Amino acid sequence: MDFKLELVQVPVSDVDRAKTFYTEQVGFNADHDHRVNEEVRFVQLTPPGSACSISIGDGLGGDMPPGSIQGLQVVVEDADAARSELASRGVEVSEVHDFPWGRFVFFQDPDGNGWSVQQPPRPA
């Protein structure tokens, strides 16, 4: 049996601000933006090429405070190119860090949810 992680909820304080950040600055695709009722709004965003999306919204039932998610990770072919693209879109992104387990850059969304962008090590 396959267990596929396909959606991760990310708590934000301002849905429109977060949606703009993730789509216009980070480059995620906006898959859904649906207001279910006065209390519930569901927004689904997907990194290009990813099988896993994030959800942000109002009234989604999570008890997590905005900014409490840390360690979300996306994988890229080239950390330098990813850093350049993010920086050119106005994202405050770290310099490239080299570790034995890959090359990384780090950024946060406007609420402080923390992301890492990994370029896995190349086989020797």
Side-chain angles (χ1 to χ4, degrees):
M1 175 179 293
D2 291 339
F3 288 86
K4 298 177 182 180
L5 180 63
E6 295 188 1
L7 187 70
V8 175
Q9 186 173 337
V10 176
V12 300
S13 60
D14 182 322
V15 178
D16 290 321
R17 178 182 70 174
K19 181 181 176 186
T20 297
F21 173 78
Y22 282 111
T23 58
E24 294 181 14
Q25 291 186 262
V26 182
F28 286 14
N29 299 310
D31 303 319
H32 302 286
D33 187 343
H34 184 73
R35 178 155 296 282
V36 177
N37 56 41
E38 293 275 328
E39 294 83 34
V40 178
R41 177 179 175 194
F42 174 80
V43 179
Q44 182 174 325
L45 309 167
T46 305
S50 179
C52 186
S53 303
I54 64 169
S55 66
I56 59 175
D58 295 319
L60 300 181
D63 293 332
M64 299 176 291
S68 62
I69 297 291
Q70 300 299 313
L72 294 163
Q73 183 169 307
V74 292
V75 176
V76 297
E77 290 289 321
D78 183 334
D80 295 295
R83 185 197 182 284
S84 293
E85 182 173 332
L86 290 168
S88 75
R89 292 171 168 258
V91 176
E92 291 185 30
V93 62
S94 74
E95 295 299 321
V96 176
H97 297 271
D98 290 300
F99 300 106
W101 51 90
R103 304 184 76 231
F104 288 79
V105 296
F106 304 94
F107 69 93
Q108 294 182 332
D109 73 11
D111 285 296
N113 293 300
W115 288 83
S116 61
V117 179
Q118 180 199 25
Q119 173 188 324
R122 299 205 191 317

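This chain uses plain numbering: 1 for the first residue, then up along the sequence. Because the structure is a prediction, the values reported are computed rather than measured.
In this structure the side chain of Thr20 never reaches within 4.5 angstrom of the side chain of Gln25, judged on heavy atoms. Val26 is not listed as a side-chain neighbour of Trp115, based on a closest heavy-atom distance of 4.5 Å or more.
In this structure a side-chain-to-backbone donor-acceptor pair under 3.5 Å is missing from Gln44 to Asn29. Between the Gln108 side chain and the Gly114 main chain, no donor and acceptor come within less than 3.5 Å of each other. Judged by distance alone, the side chain of Ser50 and the main-chain N or O of Thr46 form no donor-acceptor pair under 3.5 Å.
Residues Val8 and Phe107 are members of one and the same hydrophobic cluster, defined by side-chain heavy-atom contacts under 4.5 angstrom among Ile, Leu, Val, Met, Phe, Trp and Tyr. If you chain together hydrophobic residues whose side chains sit under 4.5 Å apart, Val93 and Val96 fall into the same group. Put simply, Val91 and Ile69 are part of the same group of oily side chains (I, L, V, M, F, W, Y) that touch within less than 4.5 Å, one to the next. Connection of Leu5 to Val117 is established within a shared hydrophobic cluster, with ILVMFWY side chains joined at heavy-atom distances below 4.5 Å, either directly or through further cluster members. The hydrophobic cluster containing Leu45 does not contain Leu7, counting ILVMFWY residues as joined when their side-chain heavy atoms lie under 4.5 angstrom apart, directly or transitively.
Between atom OG of residue Ser94 and atom CZ of residue Arg83 there is a gap of 7.0 Å, rounded to the nearest 0.5 Å. Distance check, rounded to the nearest 0.5 Å: CD of Glu85 to CG of Asp80 gives 13.0 Å. Note that the CD1 atom of Ile54 and the CD atom of Gln9 stand 10.5 Å from one another [nearest 0.5 Å]. Distance CG/Asn113 to OH/Tyr22: 5.0 Å, rounded to 0.5 Å.
Residues satisfying the side chain to side chain contact (heavy atoms under 4.5 Å, CB included) criterion with Ser13, sequence neighbours excluded, are Arg17, Pro66, Asp111. Partners of Pro121 according to the side chain to side chain contact (heavy atoms under 4.5 Å, CB included) rule, which considers only residues two or more places apart in sequence or in another chain, are Gln118. Scored by the side chain to side chain contact (heavy atoms under 4.5 Å, CB included) test, Val15 finds Val12, Arg41, Val43, Ile56, Asp58 as partners (sequence neighbours excluded).
For residues 64-76, no residue pair satisfies the salt bridge (charged side-chain N to carboxylate O under 4.0 Å, His left out) rule, not counting sequence neighbours. Listed by first and then second residue, the ring-ring contact (aromatic ring centres under 6.0 Å, His included) pairs that reach into residues 59-99 are His97-Phe106, Phe99-Trp101, Phe99-Phe104, sequence neighbours excluded. Listed by first and then second residue, the salt bridge (charged side-chain N to carboxylate O under 4.0 Å, His left out) pairs involving residues 60-76 amount to none (not counting sequence neighbours).
When all heavy atoms of Phe28 and Pro48 are compared, the closest pair comes out as CA-CD, 4.3 Å. Taking all atoms of both residues into account, the shortest heavy-atom contact from Pro11 to Met64 is CB-O, 3.4 Å. Of all non-hydrogen atoms in Gly59 and Val40, the two that sit nearest each other are O-CG2, 3.6 Å.
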